[in-house]
Amino acid sequence: MISLDKRHDPLTNKNLITQLRKKYARTESIDLNTSENLFKDSLKKYKKRNTNSLEWFKYATKSLVIKKARYKDVDTTDWDKDEQEHIYPRWISKLNEQYEMLYRYIKEEVNVLDYGAVGDGRTDNTEALKKAIGKGRVIVRIPAGKFITKGIKLPSWTIFLGEGKGETTLKLHDDCPKAEWLITNKNHFKGNRNIAVKGMTLDWNLERLDPEEKTSAGNNRSSCLTFANVTYGWMFDLEAVNPGLHGFDVSSSLYTYLGDGTRSRGGSKYIWLDNLNGYGFGDDGITTHHSEYIFISNSHMCDPSGRSHKKGFSNSNGIEIDDGSHNVWLLNNSTARCFGGVEIKAHHNASAASNVHIYGHLSVNDNRSYNFRHIGHHKDIDPESKTAHHISATNLFSIAPIYTELYKDSTPRGLVVSGYNHVVINGLTVLGDRTYNYDGNPVIAIQYRAHNVILNDVVVKDFTTSGPAVKVYGGPHRPNDITLQSIRCDHFFTKAIDIATDIEQALTDEIVIEKETSNTT
């Protein structure tokens with residue numbers, strides 16, 4: 001059984017996923033082309049829901065902080081490969097051009113030691129860091145050591161560069177309020193551009209708070225690194241330690257909750273997060289809000305504290321694509337022992353994350369490895385979501401989902417789809433623990449008004465105490481237009497799939513329960 005701790009090197013994720021894929025070979029090829037074709041085929045069935053605009057007067061009074069969510073339907077996953085078989089979203093060239101421009105705009109390179117900084121783990125370096133950063137257009141080098149600060153604000157055209165995770169450490173001062181960010185951009189409301197933070201450990205200094213105290217102060221504060229209203233940003237080779245809220249947050253100026261169909265103004269866009277580690281987070285390891293064109297790759301998030309929530313009700317996810325996020329790509333990431341490994345969602349009074357595409361993910365001992373939902377838009381008495389649509393996921397692994405103290409009443413699942421329209425899962429392997437009690441619960445659940453969902457090429461093994469491998473729930477808030485094809489289970493299952501009799505347009509093909517094989521010598 002795979003075990004991923006907080007020191008796991010996420011740059012090995014691609015090889016781990018490749019090895020698992022070979023070990024649990026599936027019946028069909030799993031690649032971008034297959035997912036792309038399924039996505040396009042299912043789009044033909046996709047019917048956009050009515051998007052009633054806000055009543056004019058209400059919108060006018062709120063327009064300083066929100067805008068209408070004018071999402072266009074998409075007809076592609078927008079993944080591509082280069083000659084070396086490296087996978088990337090097609091728009092990444094625009095971000096690469098801006099990265100080169102950032103270096104061209106830099107006027108000088110400085111070392112914080114020359115401004116009086118001391119990396120002894122005791123000295124307050126706040127003023128020295130401010131002087132080194134200045135007004136930007138600078139590479140600020142931070143050597144090995146532990147540098148205490150009361151918070152860092154980065155202007156546009158800045159590269160903030162350490163010697164690597166565990167070598168350069170920035171830590172919040174003991175006197176910092178709970179609302180403080182360790183690093184953020186300088187102007188959340190006017191916005192900033194072309195900022196890179198690279199090569200360091202970010203310690204939010206959770207120990208300064210009372211052990212029983214809730215760890216977050218609300219909105220997008222209390223995090224290790226937040227980009228709010230940043231255009232063109234890079235978070236590379238970083239570690240987030242025990243943040244009060246989030247490890248890494250790609251955000252808008254403010255989180256707003258003013259209705260499905262709205263997004264906050266001041267969202268970030270064109271942000272790349274790569275080779276990130278995080279643990280001990282009060283809410284989520286990596287999160288996005290009201291932002292777009294985000295690429296999250298080769299990162300590992302694990303072991304949240306959940307302390308920004310009420311005990312036992314901690315929706316603490318490894319990677320969360322949240323309210324109003326749009327156009328997000330995830331590549332070869334991993335999560336462990338979180339409530340959700342990857343959660344794509346929104347609160348009831350915000351727009352859902354939309355047009356999200358995953359290629360390669362390894363979830364180990366998360367309670368719900370992959371959880372897609374728009375809260376408050378699930379039941380037949382709820383308004384139908386205007387924005388929860390367009391998800392594709394390829395080559396996913398769920399290893400031994402478990403119960404968790406983070407959210408005590410949540411049953412383990414490899415995958416849950418609720419309320420989303422146009423979802424394609426191509427290549428999902430869920431491996432259980434034969435000694436674990438899954439209490440007869442299903443491994444995969446499709447429920448709560450999900451529409452146009454395709455599961456293709458799914459393997460479910462080693463669940464001795466679960467219910468069916470895939471359950472499609474019925475009732476007044478039943479899903480519809482569900483396709484299950486190439487589903488393969490081992491002999492521990494007496495029933496591979498369970499589809500409620502009132503489901504409309506359910507299609508199944510190639511559902512196989514393998515016979516038990518005896519070992520011979």
Side-chain angles (χ1 to χ4, degrees), residues 112 115 117-134 136 140 142 145-155 158 160 162 168-192 195 197 200-230 233 235 238-255 264 266 268 273 276-289 304-309 316:
V112 296
Y115 293 82
V118 181
D120 60 0
R122 298 185 302 275
T123 302
D124 181 358
N125 295 284
T126 305
E127 290 305 314
L129 290 167
K130 283 182 180 179
K131 290 176 182 177
I133 295 164
V140 179
I142 310 101
K146 183 179 288 186
F147 295 83
I148 306 299
T149 175
K150 292 181 178 177
I152 297 163
K153 307 293 190 294
L154 298 177
T158 299
F160 205 57
T168 298
T169 298
L170 298 179
K171 185 175 182 178
L172 275 180
H173 194 284
D174 286 343
D175 294 339
C176 280
K178 183 165 60 177
E180 190 58 77
W181 302 273
L182 180 46
I183 301 177
T184 191
N185 55 297
K186 190 170 185 179
N187 198 319
H188 285 196
F189 291 94
K190 288 185 178 179
N192 293 105
I195 299 175
V197 182
M200 61 190 76
T201 291
L202 307 176
D203 186 345
W204 194 75
N205 190 9
L206 180 67
E207 295 80 6
R208 73 188 192 279
L209 304 184
D210 185 280
E212 300 301 317
E213 185 178 354
K214 187 177 178 180
T215 58
S216 63
N219 219 273
N220 60 16
R221 293 178 170 272
S222 311
S223 297
C224 281
L225 174 54
T226 296
F227 281 174
N229 199 358
V230 171
M235 303 180 184
L238 302 169
E239 178 184 44
V241 177
N242 299 330
L245 188 65
H246 301 136
F248 306 95
D249 191 350
V250 180
S251 175
S252 54
S253 305
L254 294 170
Y255 299 167
S264 296
S268 296
L273 304 85
L276 307 182
N277 285 76
Y279 59 89
F281 31 93
D283 190 18
D284 307 308
I286 297 173
T287 191
T288 69
H289 293 81
S305 73
R307 284 181 53 189
S308 69
H309 300 273
S316 293

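Bear in mind the structure is a predicted one, so any value in this text is a computation, not a measurement.
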Can you list the steps and then say if Trp204 with Leu245 is a side chain to side chain contact (heavy atoms under 4.5 Å, CB included)?
CA-CA 10 Å; Trp204 194 75; Leu245 188 65; over 6 Å; no
Lys178 atom NZ: more than 12 heavy-atom contacts under 6.0 Å:
yes
Looking at NZ of Lys214 and CD of Glu212, how far apart are the two atoms once the value is rounded to the nearest 0.5 Å?
14.5 Å
Taken to the nearest 0.5 Å, the spacing of Ile152 CD1 from Glu180 CD works out to 10.0 Å
Could you tell me if the side chain of Lys153 sits less than 4.5 Å from the side chain of Asn185, heavy atoms only?
no
Could you tell me whether a side-chain N or O of Ser223 sits under 3.5 Å from a main-chain N or O of Leu225, the two making a donor and an acceptor?
no
Please name the pair of heavy atoms, one in Ala117 and one in Ala128, separated by the smallest distance, quoted to 0.1 Å.
N-CB, 3.6 Å
Among side-chain atoms of Asn205 and Asp174, is any donor-acceptor pair under 3.5 angstrom?
yes
Rounded to the nearest 0.5 Å, the OG atom of Ser252 sits from the CZ atom of Phe227 at a distance of 15.0 Å
Walk me through whether Val230 and Val250 qualify under side chain to side chain contact (heavy atoms under 4.5 Å, CB included).
CA-CA 8 Å; Val230 171; Val250 180; over 6 Å; no
Quick check: does any side chain N or O of Asn220 sit under 3.5 Å from a backbone N or O of Ser253, one acting as donor and the other as acceptor?
yes
Mind listing the closest non-hydrogen atom pair of Leu202 and Phe248 along with its distance?
CD1-CE2, 4.4 Å
Which value, rounded to the nearest 0.5 Å, describes the distance between Leu170 atom CG and Cys224 atom SG?
10.0 Å
Interatomic distance, CG@Asn229 vs CG@Asn192, rounded to 0.5 Å, equals 7.5 Å
Mind listing the closest non-hydrogen atom pair of Tyr255 and Ser264 along with its distance?
C-OG, 3.9 Å
Would you compute the distance between atom CD of Glu239 and atom OG1 of Thr169 and round it to the nearest 0.5 angstrom?
7.5 Å
Are any of the side-chain heavy atoms of Thr226 and His246 separated by less than 4.5 Å?
no
Worked verdict on Asp283 versus His309 for side chain to side chain contact (heavy atoms under 4.5 Å, CB included):
CA-CA 7 Å; Asp283 190 18; His309 300 273; 2.7 Å; yes
Closest heavy-atom contact between Val118 and Asn125?
N-OD1, 2.6 Å
Glu207, CD atom: more than 12 neighbouring heavy atoms under 6.0 Å
yes
Test log, rule side chain to side chain contact (heavy atoms under 4.5 Å, CB included), inputs Tyr279 and Asn242
CA-CA 6 Å; Tyr279 59 89; Asn242 299 330; 4.2 Å; yes
Sidechain-backbone polar pair: Arg208 side chain, Pro177 backbone, donor-acceptor under 3.5 Å
yes
Could you check if a side-chain atom of Met200 sits within less than 4.5 angstrom of a side-chain atom of Leu238, using non-hydrogen atoms only?
yes
Quick one: sort the Trp181 and His188 rings into parallel, tilted or perpendicular, breaks at 30° and 60°.
perpendicular
Quick one: does Asp284's side chain have a donor or acceptor within less than 3.5 Å of a partner on Ile286's backbone?
no
Validation row: Leu206, Thr215 side chains within 4.5 angstrom (heavy atoms)
yes
Any donor-acceptor pair under 3.5 Å from Ser251 side chain to His289 backbone:
no
Is there a side-chain contact between Ile195 and Phe160 in this structure, where contact means two heavy atoms from C-beta onward sitting under 4.5 Å apart?
no
Using only atom types and a distance under 3.5 Å, with no angle test, would you say the side chain of Thr126 pairs donor to acceptor with the backbone of Thr149?
no
Minimal heavy-atom distance between Leu154 and Ile133, with the atoms involved, is CD2-CD1, 3.8 Å
Are the side chain of Ser316 and the backbone N or O of Pro304 linked by a donor-acceptor pair below 3.5 Å?
no
When you measure from the side chain of Ser222 to the backbone N and O of Ser216, does any donor-acceptor pair fall under 3.5 Å?
no
Restricting to non-hydrogen atoms, name the atom on Gly247 and the atom on Ala240 that form the minimum distance, rounded to 0.1 Å.
CA-CB, 3.7 Å
